[in-house]
Amino acid sequence: MEDLNPPKAQVPDDQLIADGVDEEPVEINRRSLSGNVGLFVATVAAIYAVFHMLALNGVSISRLTGIEIPFLPTFPLETWNFRIVHIAGALLLGFLLFSAHSFGPSEKVRNTSKLFSLVALILCILALTSGITAIGFAREISSGDLPQMGGLTTWAGFPGTEIYQNEVRWFGVPLLIASFGSILLGWLEKCDRDRIAYADVVLAICGISVAIYLVTIYGTAARNSVGTPFVPIGVAFAATAGTAMILELTRRLAGIALVVITAIFLTYTFTAHLLPGILSVHSAYTWQRFFGHVYSDAGILGPTTAVSSTYIILFIIFAAFLQASKVGDFFVNFAFAVAGRARGGPAKVAIFASGLMGMINGTSAGNVVATGSLTIPLMKKVGYQKKTAGAIEAAASTGGQIMPPIMGAGAFIMAEITGIPYQEIAIAAIIPAVLYFVSVYFMVDFEAAKSGMRGMSDDELPKFNRMIRQIYLFIPIIILIYALFLGYSVIRAGTLATIAAAVVSWFTPWRMNLRSILSAFELAGIMAIQIIAVCACAGVIVGVISLTGVGARFSAVLLDLASTSQLMALFFAMCIAILLGMGMPTTAAYAVAASVVAPGLVQLGIPQLTAHFFVFYFAVLSAITPPVALASYAAAGISGANPMQTSVSSFKIGIAAFIVPFMFFYNSAILMDGTWFEILLSTMTAIVGVFLLSSGVQGWFIAGRVVWFLRALLVVSALFLIEGSYVTDIIGIFIVLSIIFVQKVFRPNPDASFPVRGAD
């Protein structure tokens, strides 16, 4: 890739610890392109990000320049067209940048044979045929020769008609052969890291062909037939090829877990009529009806892509500008300056720094890689075990997904799905996020106390005075929050914050000029690919759920359970949300769980905001829940610990987060629903509760270790205080006072084992 970044300015390090935290890690299957090819891909990525920024703000090139330029889009774009182009751009960039296989230590892995080249040439011809045919359809529709219906051009591709035959022979069949053939060829074909495989070029062309056809057809009256048996056959072909390419790109960027889950849902669609019980449907779905349904606003073009094409990509651009102005490095260095001297200092730094970074970048595992490469070695240096160091980083990075105002894009998806204003969601998230990070802090502090750890010395830390002089680097975040609570739209607030990041950079050695601004847009375009693929893939699952109604049947199961025990129904909902989220990025995990679980909770009479927060929290926590814990596994890769042991430790450190959703179910004041007195009282008792819970789990209370039965009582008292009513608070306080009395008067030996019958 052409290096558009300006050279780093030379500044005195003054014990700075973080340097390069902002730099995007290079995936093992990402190509390293240079020369004209690299410049072309970099340009496409920058244009892709700029296109979104202009489209979201309703600004066209013609309006900016006063010159009408043919073929350039005018904004605002029609919603479906915008989302189709959004996905097509990600497919184009994704296949050009990311290989179907990983690159080993040796760059020279090319084994492209003449046979592969010949097959790729044939597939390329077929892909171009489908694209040229789609362009021909567009010209025919825009000619005005076709009849109108309700102000829209008709497109009657019924069997036996010439349109139908052209869609099958010249568009659909060539497209399917080219796309599926290229996916298979991509698995077999290997080439150098600095070259694009032939198969991936064909897939990029196929992605563009799908977009051209769908934009064309969805502009006609045929759009009204989407989801019915009368959908044009070409839409089914395009949707099948598009879905296959989305699944393949997701596999390359996010691993196999989400692809397998999606494949299970796809298989269910065509076998549901054969299944018994709640999984059964009345009749089988045809291939044409299903794929005509799935590539609509009920599936791939639905809520998940709506969010990725607006809020998510906007904040990815914002994050790219923050990276260009070195704000990420400042976050970490500032955290070291504030918390590095405390016992177990680097662990507490990880909590603050990973929370700040994770809030913005939208992925737990990605944040572990970004900040964990710095904090995990330092935690090991001051005495933490390898598995504990990795677990702390995983738990802190996961917490960034529930940290307002951005919440790793989760707040925006929740607003899109529920219709609840974003500001209301962000405010409701404040206390639960505080409880989570306070509990992680206590867990870390007690672990350090038990092990007799020290903090870092002044010579090892950035100078606080210097850090405080750079506090202005928080200005973009402050502007974002201030604009949101002034009532500005999320898009306008995000745009202002992005501009502020560029302006703030002029007060640092890393001033953003035109070159670095283009570099930031290029970085944003590349960073967005993974989350767009994941959201589109999750949209396939959402489409299956909306077509088959399986989500409603899960809701019926929850209602049946609730008739026996509401707590049992909530526990069942928790398990489903965690299981659906295992191995999946946060965004996709919540989107799927919100479709399957949240409607059932709402039918139980739970307020919509509470129900979705309940599901969202457990979808996020799947990243640190054994046996499949993506954030923990990423941390284990850095710390060198056993992945399963790390995931168990991260589960333990984040244990309070598994209780928080039940807290705001039983006590809505935790979600800012109540009087100020109720909110403050609930917050204070909940904080004391998570302190006691951490004490019980870690076995450390009031500057000393605690015997096993007092640890159990600490956990019980924590649960009473967390529940939030006056009666339970009094019971909890009484238990705590009893524990203190026993600890001070009787001083039970914390090393004593459980009593064994028959022992001497």
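This chain uses plain numbering: 1 for the first residue, then up along the sequence.
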Quick one: does [X]'s side chain get under 4.5 Å of [Y]'s, heavy atoms only?
X	Y	value
Pro626	Met644	yes
Leu480	Phe318	yes
Cys575	Phe571	yes
Glu447	Trp700	no
Phe446	Ser694	yes

**Prompt:** More than 12 non-hydrogen atoms from neighbouring residues, nucleotides or ligands closer than 6.0 Å to CZ on Phe662, yes or no?
**Reply:** yes
[atom1]/[X] to [atom2]/[Y] distance, rounded to the nearest 0.5 angstrom?
X	Y	atom1	atom2	answer
Thr610	Leu671	OG1	CG	5.0 Å
Leu570	Phe665	CG	CZ	4.5 Å
Ile425	Ile430	CD1	CD1	13.0 Å
Ile638	Lys380	CD1	NZ	10.0 Å
Phe701	Leu710	CZ	CG	9.0 Å
Ile653	Thr388	CD1	OG1	6.0 Å

**Message:** Suppose we call two aromatic rings close when their centres sit under 6.0 Å apart. Are Tyr311 and Phe315 close by that rule?
**Reply:**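 Tyr311 vs Phe315: aromatic centres not under 6.0 Å.
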**Asked** Quick check, are the ring centers of Phe691 and Tyr441 under 6.0 angstrom apart?
**Response**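 Ring centroids of Phe691 and Tyr441 are no less than 6.0 Å from each other.
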**Prompt:** Please walk me through it: do Ser650 and Ser632 pass side-chain hydrogen bond (donor to acceptor under 3.5 Å, both in side chains)?
**Reply:** CA-CA 7 Å; Ser650 59; Ser632 302; 2.6 Å; yes
**Prompt:** Hey, what's the ring geometry for Phe618 with Phe658, parallel, tilted or perpendicular (30° and 60° as the breaks)?
**Reply:** tilted
**Message:** Would you call the rings of Phe613 and Tyr617 parallel, tilted or perpendicular, taking 30° and 60° as the class edges?
**Reply:**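 Tilted, since the angle between the ring planes falls between 30° and 60°.
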Heavy-atom donor-acceptor pair, [X] side chain to [Y] backbone, under 3.5 Å:
X	Y	result
Thr304	Cys535	yes
Ser738	Phe734	yes
Arg711	Val697	yes
Gln698	Met443	yes
Ser595	Ala591	yes
Ser439	Tyr436	yes

**Request:** Would you check, one step at a time, whether the test side-chain hydrogen bond (donor to acceptor under 3.5 Å, both in side chains) holds for Glu678 with Ser682?
**Result:** CA-CA 6 Å; Glu678 291 172 338; Ser682 298; over 6 Å; no
